[in-house]
Amino acid sequence: MGWLTGLGRILIVIINIIFLILGFVFFALGIVCLVGDSMLKSYYQSALDMLKAQLEANNFGTIDLSSFNISALIGGLGYFFVGLGLFLLIITILGCCGACCKVKF
């Protein structure tokens, strides 16, 4: 039964490392959303232009997207991704400590 327990702990550590990497990715994405508004503007401005062209081509009339503030939406998503990333980082670090050192909370 000893080798099965060791194998289970190794599997838990590997899964925790995968979620740790995912936490770093979410955290970095959130920071980019919060700080890199000028960098992201070229991407979402072209998407808004294509949306406007498609809506006008499909006879939805003249669409005014000037009051549509996508920067506020991206900023809100940035806070969400930072929070999600930090949550995943904390949980996976505690999980790795628990699996490696047999710590129970």
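Note that the structure is predicted; figures quoted are calculated from it, not measured.
Atoms CZ and CG, from Phe80 and Leu29 in turn, are 11.0 Å apart once rounded to the nearest 0.5 Å. Between Glu56 atom CD and Leu51 atom CG the span is 10.0 Å, to the nearest 0.5 Å. A distance of 8.0 Å separates OG1 in Thr92 from CZ in Phe24, rounded to the nearest 0.5 Å. Here the CG atom belonging to Leu34 is positioned 11.0 Å from the CZ atom belonging to Phe81, to the nearest 0.5 angstrom.
The hydrophobic cluster containing Val32 does not contain Phe27, counting ILVMFWY residues as joined when their side-chain heavy atoms lie under 4.5 angstrom apart, directly or transitively. Transitive grouping of hydrophobic side chains (ILVMFWY, heavy atoms separated by less than 4.5 Å) keeps Ile90 and Ile12 in distinct clusters. In the hydrophobic cluster analysis, where Ile, Leu, Val, Met, Phe, Trp and Tyr join through side-chain heavy atoms closer than 4.5 angstrom, Phe26 is grouped apart from Ile21. Both Val35 and Val82 belong to a single network of hydrophobic side chains, linked directly or stepwise wherever heavy atoms of I, L, V, M, F, W or Y lie under 4.5 Å apart.
In this structure, the side chains of Ile17 and Val13 come closer than 4.5 Å at one or more pairs of heavy atoms. Using a 4.5 Å heavy-atom cutoff, the side chains of Ile91 and Phe19 are not in contact. A heavy-atom distance below 4.5 Å is found between the side chains of Ile15 and Leu11. Counting only heavy atoms from C-beta outward, the side chains of Leu20 and Leu89 approach each other to under 4.5 Å.
Taking every heavy atom of both residues into account, Cys33 and Gly78 meet most closely at CB-CA, 3.6 Å.
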